[in-house]
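Take a look at the structure set out below.
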Amino acid sequence: MIRLHHCHETRSMRVYWLLVEMGLDFECVLRPFDRSLREPGYAEVSPAGRVPALEDGEVVLFESGAIVEYLCERYPEAGFGRLPGDPERWAWLTWLHFAETIAQHLANLTQQHIMLREDWMRSPTLMKLERLRLEKTLQVLETALDGRQYLLASGFCAVDACIGYCTYVAKHFTHLDRLPNTHAYFRRLSSRPAFRAALPPAGAQRLYTRDFYPTPDA
C-alpha cells in the first residue's frame, strides 16, 4: 500500500493530486503544518521534517520531484510520465524541475506573508522582489502555453500537476488574469476532479487562509 504523508496546500498537494489522477490506491497520513513534523518518529521517513514523504513497500522518498518521477516510472501504465526514449522526455524533465524554480519563490512569499506573523519580522523589499521573481517564472509558462492546452503537446501529464500546484499557490500572491494563457490553464486544471480531491475539505486547517496576500506597497 502506498502511504503519503501530507499537509494541506503544501508541495504534498501535487503528489496527492497525481496519485488520484493515476487511480492508485493510497493511504493519506494527514499531518499538521507545525513543529510536529520535526518529531523523531516522522524523521524516519522525512529526515528534514517536511512533506511530502511517500512510502511504497520498502521504498521511502521525501522529495516531491523524486516522488513524481518514481510514481511515473513505477506505474508507467497510468501514462503520466514520459520515459527514456520518449520524444517528450526532455521537455517533461524540464517542467518537472522548473516547478521547483517557481516553488522557491512561493515558499519565500509564504514565509514572509504567513509564517512570519509580526509585521516587524517581514521585509517589504523582499516581498516585492519575490513577487516580481514569481511573475518572471510565470511569464515562462505564459509563453509555453501559447496555442496549447497543457505543457506537453500530447496532453495532461504529471508535470501539469506539479506546475498546476504552483499556479494554485501563485494566485494568492499575484494576479493570474494578467497572464491569459496561464489563467486559462489554471481554470482547466482546477476543473479536474483529481485537483478538487486534493484541496482541503471544508473546516480543515489551511495554509492559505486568505484569497490574496498583497505586497505592502501594493
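Here the structure is a predicted model, which means the values were calculated and not measured.
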Without hydrogens or angle criteria, can the side chains of T110 and Y208 be said to hold a donor-acceptor pair below 3.5 Å? yes

Within-4.5 Å side-chain heavy-atom neighbours: N108 and L126: no

So, taking the atom named CG in L19 and the one named OH in Y16, what distance separates them when rounded to the nearest 0.5 Å? 9.0 Å

Heavy-atom side-chain proximity of M13 to Y168 below 4.5 angstrom: yes

NZ/NE/NH1/NH2 to OD/OE distance under 4.0 Å, R89 and D86: no

Closest non-hydrogen atom pair between C166 and A103, with its separation: SG-N, 4.3 Å

So which atom in W92 and which in A158 form the shortest heavy-atom distance, rounded to 0.1 Å? CZ2-CB, 4.0 Å

Return the CD to OG1 distance between Q139 and T137, rounded to the nearest 0.5 Å. 10.0 Å

For the residue pair I102 and L141, establish whether any side-chain heavy-atom pair is separated by less than 4.5 Å. yes

Does one side chain, of H5 or R31, offer a donor that lies under 3.5 Å from an acceptor on the other? yes

Taking C-beta and beyond as the side chain, do Y42 and V29 meet within less than 4.5 Å on heavy atoms? no

At what distance, to the nearest 0.5 angstrom, does CZ of R122 lie from CE of M115? 11.0 Å

Classify the side-chain pair Q112/S123 by whether it contains a donor and acceptor separated by less than 3.5 Å. no

Could you tell me whether E135 and K171 make a salt bridge, using a distance below 4.0 angstrom between a side-chain N and a carboxylate O? no

Would L71 and M1 show up in the same hydrophobic cluster when neighbours are defined by side-chain heavy atoms closer than 4.5 Å? no

Heavy-atom side-chain proximity of L54 to V15 below 4.5 angstrom: yes

Say whether S12 and T10, considering side chains only, have a donor N or O and an acceptor N or O under 3.5 Å apart. yes

In Å, rounded to the nearest 0.5 Å, how long is the span from CD of E73 to CZ of R82? 13.0 Å

Decide yes or no for H183 and D177: does some side-chain heavy atom of the first lie under 4.5 Å from some side-chain heavy atom of the second? yes

Specify whether W17 and F156 have parallel, tilted or perpendicular ring planes, treating 30° as the upper limit for parallel and 60° as the lower limit for perpendicular. tilted

Between I163 and Y185, is any pair of side-chain heavy atoms under 4.5 Å apart? yes

Would you indicate whether the side-chain heavy atoms of F195 and F186 approach each other to under 4.5 Å? yes

Kindly state whether the ring of H172 and the ring of F212 have centres lying under 6.0 angstrom apart. no

For atom CZ of F62, decide whether the heavy atoms of other residues, nucleotides or ligands shown that lie under 6.0 angstrom number more than 12. no

Answer yes if the side chains of Y75 and D56 hold a donor-acceptor pair under 3.5 Å, and no otherwise. yes

Test: R11 and E100 ion pair at under 4.0 Å: yes

With a 6.0 Å cut-off (strictly less than), is the heavy-atom count around CZ of R38, excluding the residue itself, greater than 12? no

